[in-house]
Peer 1: 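Let me give you the structure first, and then I'll get to my questions.
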Amino acid sequence: MPSDTNATAELNPSTATSAAAGKKVPAAPPAALARGEGPCGPAGECKAPPCSLVIFGAGGDLTKRLLVPALYNLVVDGLLDDGMQVIGVNRGERGTDDWRDDLHASLQQFAAERSSSGKADEASWNWLAQRLQYIAGDFSTPDTFERVKQAIGKSGCSNAIFYLAVGERFFKPVVEQLGKAGLLDEEGAGGFRRVVIEKPFGNDLASARDLNQHILTYAKEEQIYRIDHFLGKETVQSILAVRFANALFEPVWRREYIDSVQITAAETLGVEGRGAFYEHTGAFRDMVPNHLFQLMAMVAMEPPNSFDAETVRDKKAEVFEAIQPLRAEDVVFGQYEEGPAGVGYRKEPNVAPDSTTETYAAARVHIDNWRWGGVPFYLRTGKRLNVRRTEIAVQLKRVPFLMFRDTPVDSLTPNVLTLRIDPTHGTRFDFNVKVPGPTMRMGHVRSTFDYNDFFKEQANVGYETLLYDCMLGDETLFQRADSIEGSWAAVDAVLHPTAGGAMRVHGYAAGGSGPAEADALLARDGRTWRPLDDEPKRR
Ligand code: BG6
């Protein structure tokens, strides 16, 4: 990074809006924003309607680590109705008390790690605990669904959400059984009936189409909530706010001014005991056509006329339609080998010793439309890298010439707006100023906005907004069938290369920055990846 000086120009937290001062205030949900309302407070306004939340896969990791902590956070924020109940369904024979104790232990661990007090609020937990009920049953047996029906009936509230926190092989049978048991019939029930489906939504275009077709035999599109948890991340939701609530950015948000966009989801973790799942998924399917494409769509979509779910989703769908189908030469796969961060992928449990599954993927994507023609979007993701970082860096073009003759234009640091998603949340802007002193020298500086400087820290797991929106019936942050299929269509040629054209998988050191071939992908275009560990040092 060529620069005469590096300094971080912090914004002044004293200019924070009122939300910073008071109690924890959740972000305004899109539905509320759409109605032009302000953020909902903890006083009880904007409560979600009462409903039964039926979780299939109640004994799984997702339920313990993410869904129940998210529900608990919604309780703390006063956003759940007294008429709410949570019905957990799983195969294991156990009682409600046992399930409840298990969830309580996980919640305490979550609070110890993530909440500022280090403890769960017992009153909020008790509120939730009283509303938990466990049903032991097989996901493909009609009897299980009859018992779910009875439990919903007893609650006295006809609204229900069926959350499929189960392996993908259960998606079809659970939806089928729900349909056959009449549990998805909204008219008959006299309330809403919604189905939340986790990823992976298919493994390629054909399987995604097949899954959509199957599900839509039993439910209407507007009953289906396909979740991508990246869309629940605070800074991801903020992308639209940064773009469309500031006059500064949108005028330059186009090919005339933007050089390229880099989207990174780098992880230090390896496959963490998920070897069996990962072996047949790989980094590309796991992250690119879903999480990274969703981030790309938020950056690339045209301004919607409103924040109405269909309008926003129409704009996103247009982006997926405009993606130039990826070719093998646009993609680089890597696999971590032994390095400073530990053993290689092939030595992980449940991984074949000669596995060719990729743990790293980089791609160059082009969006063929008027706004983005010629602007490459570079995407990369990988396990066991040197840094944990999810961010979007929008790099502007260089100025056309520099009147300060001694400083060549190409020695200037380009302007880059970085939307920082994890682990820090905020934005950063790189620009040039004059270095203090008698001569005219250019210096590179950074202006950093960190959410925690302005707003009270939230122990958010990212599922709060998604669950809450589902209860409100707001589908803005959920994916429609056409977007899912559009994403898979754009990458299908990479997933199913023609004979002899199988993707090569290049090695990289565990704890390194990825394979050299990923650097070559950008070098071909005369560009480089942004360094993963580029925190500036104050001089
Ligand atoms: C999941 C992937 O969808 O997202 C994981 O299956 C990945 O492999 C995870 O680690 C990353 O999510 P986050 O929120 O930790 O960045």
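Quick caveat: nothing in here was measured; it's all calculated off a predicted structure. All ligand and atom numbering here is 1-based and tracks the order in the structure.
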Peer 1: Within a distance under 4.0 Å of any heavy atom of Lys199, pick out the atoms of ligand 1 and give their elements.
Peer 2: 1 (C), 2 (C), 3 (O), 6 (O)
Peer 1: Applying a strict 4.0 Å limit to heavy atoms, is Lys233 in contact with ligand 1?
Peer 2: yes
Peer 1: What part of Arg388 sits under 4.0 Å from ligand 1 if we count only heavy atoms: the side chain, the backbone, both or neither?
Peer 2: side chain
Peer 1: Nearest heavy atom to atom 7 (C) of ligand 1 wins, so pick from Arg389, Glu267, His291.
Peer 2: Glu267
Peer 1: Could you check atom 9 (C) of ligand 1 against the protein and tell me its nearest heavy-atom contact, residue, atom and distance included?
Peer 2: His229 CE1, 4.2 Å
Peer 1: Does Asp259 come within less than 4.0 Å of Arg527, counting only side-chain N to carboxylate O?
Peer 2: yes
Peer 1: Is it true that Lys199 and Asp228 make a salt bridge, defined as a side-chain N closer than 4.0 Å to a carboxylate O?
Peer 2: no
Peer 1: Identify the closest protein heavy atom to atom 5 (C) of ligand 1: which residue and atom is it, and at what distance?
Peer 2: Arg274 NH2, 3.1 Å
Peer 1: Between Arg313 and Glu475, is there a side-chain N and carboxylate O pair less than 4.0 Å apart?
Peer 2: yes
Peer 1: Does this structure show an ion pair linking Glu272 with Arg274, if we count only N-O contacts that are shorter than 4.0 Å?
Peer 2: no
Peer 1: Note the single closest protein heavy atom to atom 6 (O) of ligand 1, along with its residue, its atom name and the distance in Å.
Peer 2: Asp286 OD1, 2.6 Å
Peer 1: Does a salt bridge link Arg480 with Asp314, judged by any charged N lying under 4.0 Å from a carboxylate O?
Peer 2: yes
Peer 1: Taking 4.0 angstrom as the limit, do Lys383 and Glu348 come out as a salt bridge?
Peer 2: no
Peer 1: By number and element, which atoms of ligand 1 are closer than 4.0 Å to a non-hydrogen atom of Lys383?
Peer 2: 5 (C), 7 (C), 8 (O), 10 (O)
